[in-house]
There are 2 protein chains.
Amino acid sequence: MTTSGTADEPMALAAERLRTAGMRVTAPRMAVLMAVSDSGGHLDADTLRERAQRITGRLSLQATYNVLRALTDAGLVRSTQIAGHPTRYETERHDNHHHFVCRACGSIRDVECAVGAAPCMEPRLPEEYDTQEAAVTFWGLCPGCRAAAPVS
Amino acid sequence: MTTSGTADEPMALAAERLRTAGMRVTAPRMAVLMAVSDSGGHLDADTLRERAQRITGRLSLQATYNVLRALTDAGLVRSTQIAGHPTRYETERHDNHHHFVCRACGSIRDVECAVGAAPCMEPRLPEEYDTQEAAVTFWGLCPGCRAAAPVS
DNA sequence: TCCATAATCTTGACCGATTCAAGAAAAGGC
DNA sequence: GCCTTTTCTTGAATCGGTCAAGATTATGGA
């Protein structure tokens with residue numbers, strides 16, 4: 001099981017993606033990229049390291065941070081910082097979606113940008129400001145925690 | 001200069017605000033509240049401590065955190081966490097405004113909620129989600145940094 | 001006015017997330 | 001297959017913030 005077969009395909013794909021991005025293809029990078037890809041997103045560095053380790057064996061946390069930085073810079077991965085949580089990573093889909101964060105359990109859910117081309121992208125600011133991006137974070141209770149909450 | 005005169009008025013006001021909020025009136029609390037109030041907002045705990053110290057003399061960083069937590073819980077102060085920055089504090093104005101952050105210099109500017117009653121408050125989420133708040137952060141370049149930037 | 005009590009403040013240790021630094025390993029071009 | 005440069009490993013350090021324990025102090029009642 002080295003060059004073909006079902007198990008190796010995701011890895012070959014990861015390698016291809018790295019190569020296309022002009023990056024060196026290394027085991028840690030493939031492993032982390034795979035971990036981010038098949039996770040459904042929103043995992044922190046330590047969790048990703050753990051998952052990547054299952055794929056590639058030993059992997060330092062520092063390397064995980066290095067790889068995530070490199071992947072983010074290359075546009076393959078998107079990082080999101082949520083107040084009170086460590087940085088989360090997900091596959092970059094270039095759709096500028098937002099996030100809903102449950103105040104009770106901390107779970108994160110993607111939220112499509114409400115009105116197509118982002119109404120939030122046009123702040124009431126003087127002309128001289130160069131607004132490049134709008135990050136919206138919705139806070140509240142997810143269905144599960146809402147049901148379990150004392151008052152509603 | 002103990003009970004009247006111009007210099008003591010802000011302090012008397014701070015004491016009054018604390019009392020109204022049902023909080024004990026202490027020197028650290030008055031000092032921090034004053035520091036937050038006349039700063040124009042968006043200062044971090046350490047800077048606020050420094051400024052509060054000028055008013056009240058000795059003040060530990062831990063006390064500053066305690067006070068800020070208490071003031072925030074009491075609704076007198078609003079805290080904002082911006083990715084890559086320590087928590088910032090400003091006077092709570094109950095207007096749910098947002099923030100513009102300059103990627104170059106880190107400065108923060110208030111942004112009124114674009115379309116009145118917050119268009120961002122209505123995410124495309126299933127009914128079962130209880131969305132309580134939407135925090136919008138605009139990223140870009142402030143006028144000064146934009147002018148200094150290599151490409152525009 | 002003074003006291004008792006509970007809240008608050010000070011000091012100092014501690015923690016999680018992340019970065020810095022230096023040497024070892026390995027990817028990729030010739 | 002070697003050489004150079006990038007990347008990875010290990011270990012220390014930093015930053016923002018919290019925990020814990022004992023000293024102070026604000027406030028309500030005697």
Side-chain angles (χ1 to χ4, degrees), chain A residues 11-12 14-35 42-50 52-53 55-74 76-77 79-89 106 108, chain B residues 11-12 14-35 42-50 52-53 55-74 76-77 79-89 106 108:
Chain A
M11 188 166 287
E16 184 53 31
R17 288 213 277 158
L18 290 170
R19 217 168 277 120
T20 302
M23 303 173 70
R24 284 198 179 184
V25 179
T26 70
R29 285 178 175 181
M30 287 190 286
V32 171
L33 186 52
M34 288 167 68
H42 312 134
L43 298 187
D44 59 44
D46 204 55
T47 306
L48 285 170
R49 174 205 189 187
E50 195 182 302
Q53 280 181 324
I55 301 171
T56 194
R58 176 173 302 306
L59 177 65
S60 71
L61 181 57
Q62 176 64 59
T64 307
Y65 277 109
N66 289 161
V67 168
L68 287 170
R69 162 90 58 94
L71 292 175
T72 303
D73 289 349
L76 295 178
V77 162
S79 74
T80 308
Q81 283 180 279
I82 305 272
H85 296 265
T87 303
R88 313 293 186 97
Y89 301 86
I108 297 179
Chain B
M11 189 166 289
E16 185 53 32
R17 288 212 278 156
L18 290 169
R19 217 169 275 119
T20 302
M23 304 173 69
R24 285 199 177 183
V25 179
T26 70
R29 286 178 174 181
M30 288 190 286
V32 171
L33 186 52
M34 288 166 69
H42 313 133
L43 297 187
D44 59 43
D46 203 56
T47 305
L48 285 170
R49 176 204 189 189
E50 194 182 302
Q53 279 181 325
I55 300 171
T56 195
R58 178 173 303 304
L59 176 65
S60 71
L61 181 57
Q62 177 63 59
T64 308
Y65 277 111
N66 289 161
V67 169
L68 285 171
R69 163 91 56 96
L71 292 175
T72 303
D73 290 349
L76 294 179
V77 162
S79 73
T80 307
Q81 283 181 278
I82 305 273
H85 296 265
T87 302
R88 312 295 186 97
Y89 301 86
I108 297 179

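Scope of the values below: all heavy atoms of this structure, side chains included, with no hydrogens, waters or symmetry mates. Proteins come first, then strands; the chains are lettered A, B, ... in the order of their sequence lines, and each starts at number 1. A quick note: this is a predicted structure, and the numbers were derived from the prediction, not measured.
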With respect to the side chain of Asn66(A), which nucleotide from dG17(D), dC8(D), dT18(C) is positioned closest? dC8(D)

Below 4.0 Å: OP1/OP2 of dT18(D) and any side-chain N or O of Arg69(B): yes

Shorter than 3.5 Å, N or O on both sides, protein versus nucleotides 22-28 of chain C: list them out with atom names.
{"from": "dA27(C)", "atom 1": "N3", "to": "Arg24(A)", "atom 2": "NH1", "distance (Å)": "3.2"}
{"from": "dG28(C)", "atom 1": "OP1", "to": "Val25(A)", "atom 2": "N", "distance (Å)": "2.9"}

Taking five pairs at each terminus, the helix from dT1(C)-dA30(D) to dC30(C)-dG1(D) shows an axis bend, to 10°, of 30°

What residues, two or more places apart in sequence or in another chain, satisfy side chain to side chain donor-acceptor pair (under 3.5 Å) together with Asp46(B)? none

Go through dG16(D), dT9(D), dC9(C) for me and flag the one nearest to the Pro28(B) side chain. dC9(C)

So Leu61(B), base contact, sugar-phosphate only, or nothing? Heavy-atom distance under 4.0 Å. nothing

Note, Val32(A) side chain near Thr56(A) side chain (heavy atom, < 4.5 Å): no

Within the structure provided, determine whether Val25(A) and Met30(A) are in side-chain contact (heavy-atom separation under 4.5 Å). yes

Which residues pass the side chain to side chain donor-acceptor pair (under 3.5 Å) test with Ser60(B), sequence neighbours left out? none

Within the 4.5 Å heavy-atom criterion, are Leu71(B) and Tyr89(B) side-chain neighbours or not? no

Listed by chain and number, what are the salt bridge (Lys or Arg N to Asp or Glu O under 4.0 Å) partners of Arg19(B), not counting sequence neighbours? Glu16(B)

What pairs with Asp73(A) under side chain to side chain donor-acceptor pair (under 3.5 Å), at least two apart in sequence or on another chain? none

